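Presented below is the structure to which this report refers.
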Amino acid sequence: MDTKLRIEPVVINGKTLETPIMVSGPCSAETEEQVIKTGHMIADMGIPIFRAGIWKPRTRPGNFEGLGAVALPWLEKLKKETDLLIASEVANTYHIKEALNHGVDILWIGARTTANPFAVQELADYLSGKDIPVFVKNPINPDIDLWIGALERFNKAGLNKLVAIHRGFSFYGPSNYRNKPQWGIPIELKRRFPELPVITDPSHICGRRDLLQGVCQKALDLNFDGLFIESHIDPENALSDKEQQVTPAELKKMLDSLVWRKSQVNGLEILKDLEDYRTEIDRLDDKIIHTIETRMKVVEKIGEYKLQNGITILQSDRWADILKGRTELGKKLGLSEEFVTIILKAIHQESINKQTKIMNRE
Ligand code: PEP
Ligand code: MN
């Protein structure tokens, strides 16, 4: 089921948020000094949006759960002193009420909240009729529909300034990442909703600062629309997520070292070669589909033959031969066995479906 999202550019106080959408700030607001100092450094770097958690969803009780509403005036003060837009996480209607009362410009929905449709619906209902951008993190589990569902709930409530944040997915077992990126999921989200900006949160994907640069570069290479990164004036003493935070100075160094490739190939810049290659790919894909269609016609003829002569559909020896022969050919041509096997299995399954239909005709 693919519905459309009505997405508008994020315009705040008459200013349109340009891509790349850059957001930075500490995991949590901890002290007035930390918020103001970090914020000024972020603003000096030209990053337009400051993030800070006020209420922190902690996996287990006893960890730092954020200071709550007492920290909101610090964000208001930072907003007055700089041009920064302020973003903060909300997970219930009380959070929204407090955040809006203190001039928070952008609300973000945390991964644990996105995973809960009841909570998302309550937030969407509460926000109905309000004009505020909502950034929606992916749910903790790798479920693209749950992510889309949350975006739809806000959209149905009339919120059109939506941005998706990819922060990786929970898993059990060893990995270098805190949350596995599973890039295929945000790529699919972009494919289905090309007008929806999708930005990357490398901090919560990595969980460690030494991995940040690689993930940021990958996000840029994949043409995502911005970065949402934690930074703190004193990461070692941060009250939450200290291993993944970097100082604003380190952040600047890292951002400067990234290669920002040209992503939007527009009018003047259209690369002739690229266009030619794409035409070639279109032609080859066309040929592949037509060849498969021709193959299916033969499959149907075989189906008829099997029906007339009382032969079973699946003949294991024949299938084993096909798999062996084709994967060997593939290997010779530089195609991995895994890849060729996946394609053959899909074709084979479709062939069985076609022949089953023929067998069940009478
Ligand atoms: C955060 O951004 O600090 C946060 C809690 O993130 P997530 O919801 O992605 O875990
Ligand atoms: Mn965090």
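Values in this document were obtained by computation on a predicted structure and should not be read as measured data. Both counts, for ligands and for their atoms, begin at 1 and track the order of listing.
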- Heavy-atom proximity to atom 8 (O) of ligand 1, picking from Ala111, Ala91, Ser203, points to Ala111
- Mind checking whether Cys27 has a heavy atom under 4.0 Å from ligand 1? yes
- Query: Heavy atoms, side chains only, cut-off 4.5 Å: are Leu329 and Leu333 in contact?
  - Reply: yes
- Message: Quick test of your reading of the model: are Lys297 and Glu293 salt-bridged, counting only N-O distances below 4.0 Å?
- Response: yes
- Query: Which ligand 1 atoms, with their elements, are less than 4.0 angstrom from a heavy-atom of Gly110?
  - Reply: 8 (O)
- Query: Going by heavy atoms in the side chains, are Lys331 and Leu335 under 4.5 Å from each other?
  - Reply: no
- Would Ser203 and Gln245 count as having a side-chain donor-acceptor pair, cut-off 3.5 Å? no
- Query: Listing by chain and number, what protein N/O/S atoms are under 2.8 Å from the Mn ion (ligand 2)?
  - Reply: Cys27 SG, His204 NE2, Glu230 OE2, Asp241 OD2
- Using only heavy-atom distances, determine whether the side chains of Glu98 and Asn101 contain a donor-acceptor pair under 3.5 Å. no
- Message: Looking only at distances, can you tell me whether any N or O atom of Asp201, backbone or side chain, sits closer than 3.5 Å to an N or O atom of ligand 1?
- Response: no
- Do NZ/NE/NH1/NH2 and the carboxylate oxygens of Arg153 and Asp125 come within less than 4.0 Å? no
- Message: I'd like to know whether Ile199 forms a side-chain contact (heavy atoms from CB on, under 4.5 Å) with Val163, so could you lay out the CA-CA distance, the side-chain angles of the two residues, the decisive distance to 0.1 Å, and finally the verdict.
- Response: CA-CA 7 Å; Ile199 65 175; Val163 171; 4.1 Å; yes
- Item | Best match, Arg51, Gln244, Glu89: closest heavy atom to atom 2 (O) of ligand 1 | Arg51
- Item | Sub-3.5 Å N/O-N/O distance, Phe228 and ligand 1 | no
- Task: Pick, from Arg178, Lys137, Lys56, the option with the minimum heavy-atom distance to atom 7 (P) of ligand 1.
- Result: Lys137
- Positive for salt bridge (Lys or Arg N to Asp or Glu O under 4.0 Å) with Arg209, one of Glu230, Glu236, Glu250: Glu236
- Parallel, tilted or perpendicular for His95 and Trp55, by the 30°/60° rule? parallel
- Message: Whether Lys180 engages the ring of Phe169 as a cation-pi pair (distance to the six-membered ring centre under 6.0 angstrom, angle to the ring normal within 45°) should be assessed.
- Response: no
- Query: Nearest heavy atom to atom 1 (C) of ligand 1: which of Arg167, His204, Arg112 does it belong to?
  - Reply: His204
